[in-house]
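Numbers restart at 1 for each chain; the letters A, B, ... are given by sequence-line order, proteins then strands. All values reported here derive from a predicted model rather than from experimental measurement.
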Protein chains: 2
Amino acid sequence: MSDRPPPGTETPARPRRSDATRAAILNAARDRFAAEGYERATIRAIARDAGIDPSMVMRYYGNKEGLFVAATDIDLRMPDLTAVDRDRLGERLVRHFLDVWEHDERLTGMVRVGVTVDAGAERLRSVFRDQLAPVIAAVCPVPDEAAVRAALVGSQIIGMAMARYVVRIPPATGLSHDEVVAWLAPTVQRYLTAERP
Amino acid sequence: MSDRPPPGTETPARPRRSDATRAAILNAARDRFAAEGYERATIRAIARDAGIDPSMVMRYYGNKEGLFVAATDIDLRMPDLTAVDRDRLGERLVRHFLDVWEHDERLTGMVRVGVTVDAGAERLRSVFRDQLAPVIAAVCPVPDEAAVRAALVGSQIIGMAMARYVVRIPPATGLSHDEVVAWLAPTVQRYLTAERP
DNA sequence: TGTGTTGGTCAACGCTTGTTGGCAACGTAC
DNA sequence: GTACGTTGCCAACAAGCGTTGACCAACACA
């Protein structure tokens, strides 16, 4: 409890001896949550992975939900779309997401958790709101339409991610990157730039 | 164990006194699995909902996974697409799925479970394979392309379902049925009928 | 009427879970 | 050098889980 300095008066970044342990816990937690979902990822297993005692997890993160919140920071590494040819926005986005999904299995896991537990769903909503929506709003001429267009793009992207990486529907897993781009890019392009129907 | 008659010699349909109980268990199981996912839905809670003892669940369905398998039959009630105008296939499909998703919350729940536990993912794959793919293959002129086209359609449909009903991303939940159809129908139509890119 | 089958309850089992509190070793500041 | 906060381990807790087996009541059938 006398662990973190009082919020607001936070000291710049005084390193603590336990920082390595904290990091190890977060790393193990991310992997376990991603691989097994919220319920099956036990504090005991996470602690074992991190090479410490389960009680340390409690001391540093309060309880399991606290650990989950601390462990799940999702970064989509969104590109700046204003620098992209207007008629290649769809292709650029689809390619980017294929890249992100494929290089960080934790994202798949976070979707898994986001679907199961409330705190996870809130995380996904915040990722949509803070990372995807703004980037899309920046290239949307009518500000009022930005949110809906972002949601549409998000729906197609997350749907393909579900099909390929989470549920693993065979025809979807068999597609090459180029094939996925060829099919999905026009969809995303239309959601971004087409007149509102 | 001496419960079901030996498979193969199954007697036509002799009703058992316990049929009502069995049905009550399945109903309660469906609701609990849908609402809380596989892990949080406990056999004890399901039995309580059904008004019987937990041990009955074990007797009738062997174990928790057996109950899950028995409880999760998903019926998409797919329409016959061969009777639909070729250039309205997209609209027809999107409208159908909106209808199905909105009238059976259990579907949402099954996605939740399908994402979490292996047996659930297998269920989703079988639904895709046995219910969605055949219907789409029936209107696909090039048989070899049917599976991929079905997967593409499925990705957009399941993505919108995730956005609207599971994660509940605000801009997506705010869309009316007609708006969803207006945006998604052309996408699905293209996945179904457009030349392979 | 007697006997085997079916539908159901009850109490307990072994196990895992998140969580807690006590206690030892270490480092640092006075 | 002693007092104190930090870091860590250990052992235990209460609760909840899936699962089992003994036992009873009602029925079906001879």
Side-chain angles (χ1 to χ4, degrees), chain A residues 1-6 11 13-29 32-33 35-71 113 116-120, chain B residues 1-6 9-11 13-29 32-33 35-71 113 116-120:
Chain A
M1 282 298 167
S2 68
D3 194 40
R4 307 176 163 286
T11 49
R14 202 167 68 117
R16 275 173 294 199
R17 242 189 321 144
S18 60
D19 283 347
T21 302
R22 295 179 127 91
I25 293 175
L26 284 190
N27 256 316
R32 285 278 176 179
F33 280 135
E36 309 178 354
Y38 185 81
E39 328 283 340
R40 317 248 284 257
T42 70
I43 288 192
R44 284 170 147 92
I46 291 169
R48 205 179 319 126
D49 291 353
I52 47 96
D53 190 89
S55 62
M56 301 299 295
V57 177
M58 306 302 295
R59 184 179 295 174
Y60 290 147
Y61 299 101
N63 55 26
K64 190 177 181 179
E65 185 161 338
L67 173 63
F68 173 75
V69 171
V113 177
T116 312
V117 59
D118 279 351
Chain B
M1 281 301 168
S2 68
D3 193 41
R4 305 176 163 287
T9 31
E10 211 152 331
T11 48
R14 199 166 70 117
R16 274 173 296 199
R17 245 188 317 145
S18 60
D19 282 348
T21 303
R22 295 178 127 91
I25 294 175
L26 284 189
N27 257 315
R32 285 277 176 180
F33 280 135
E36 309 177 354
Y38 185 80
E39 327 282 341
R40 318 247 285 256
T42 69
I43 288 192
R44 285 170 146 92
I46 291 169
R48 204 180 317 126
D49 291 353
I52 46 95
D53 191 90
S55 62
M56 299 301 294
V57 178
M58 306 302 295
R59 176 140 56 188
Y60 289 149
Y61 298 101
N63 56 26
K64 189 176 182 178
E65 186 161 336
L67 173 63
F68 173 76
V69 171
V113 177
T116 312
V117 59
D118 279 350

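Ring pair A/Tyr38/A/Phe33 is parallel by interplanar angle, where below 30° counts as parallel and above 60° as perpendicular.
Not counting sequence neighbours, A/Ala23 has no partner by the side chain to side chain contact (heavy atoms under 4.5 Å, CB included) test.
One can place CZ of A/Arg22 at 13 Å from C1' of D/dG8, the figure rounded to the nearest angstrom. At whole-Å resolution of the value, CG in B/Asp19 and C1' in C/dG7 are 12 Å apart. If you take CD1 of A/Ile25 and C1' of D/dT7, they are 11 Å apart, rounded to a whole angstrom. Distance CE (A/Met56) to C1' (C/dT19): 15 Å, rounded to an integer number of Å.
Dashed line: the shortest gap from a side-chain N or O of A/Thr21 to OP1 or OP2 of D/dG8 is under 4.0 Å.
Note: B/Asp53 CG to B/Thr21 OG1 = 12.0 Å, rounded to the nearest 0.5 Å.
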For this session: Output, in order, the C-alpha distance, side-chain angles, deciding distance and verdict of side-chain contact (heavy atoms from CB on, under 4.5 Å) for A/Leu26 and A/Leu67.
Result: CA-CA 8 Å; A/Leu26 284 190; A/Leu67 173 63; 4.1 Å; yes
Shorter than 3.5 Å, N or O on both sides, protein versus nucleotides 16-20 of chain D: list them out with atom names.
| residue | atom | partner | partner atom | Å |
| --- | --- | --- | --- | --- |
| D/dG18 | OP1 | B/Ile43 | N | 3.4 |
| D/dG18 | OP1 | B/Lys64 | NZ | 3.1 |
| D/dG18 | OP2 | B/Ile43 | N | 3.2 |
| D/dG18 | N7 | B/Arg44 | NH1 | 2.4 |
| D/dG18 | O6 | B/Arg44 | NH1 | 3.4 |
| D/dG18 | O6 | B/Arg44 | NH2 | 3.1 |
| D/dT19 | OP2 | B/Lys64 | N | 2.9 |

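Sorted by first and then second residue, the side-chain hydrogen bond (donor to acceptor under 3.5 Å, both in side chains) pairs involving residues 41-50 of chain A (not counting sequence neighbours) are A/Arg32-A/Asp49.
The heavy-atom pair separating A/Thr116 from A/Glu39 by the smallest distance is CG2-OE2, 4.4 Å.
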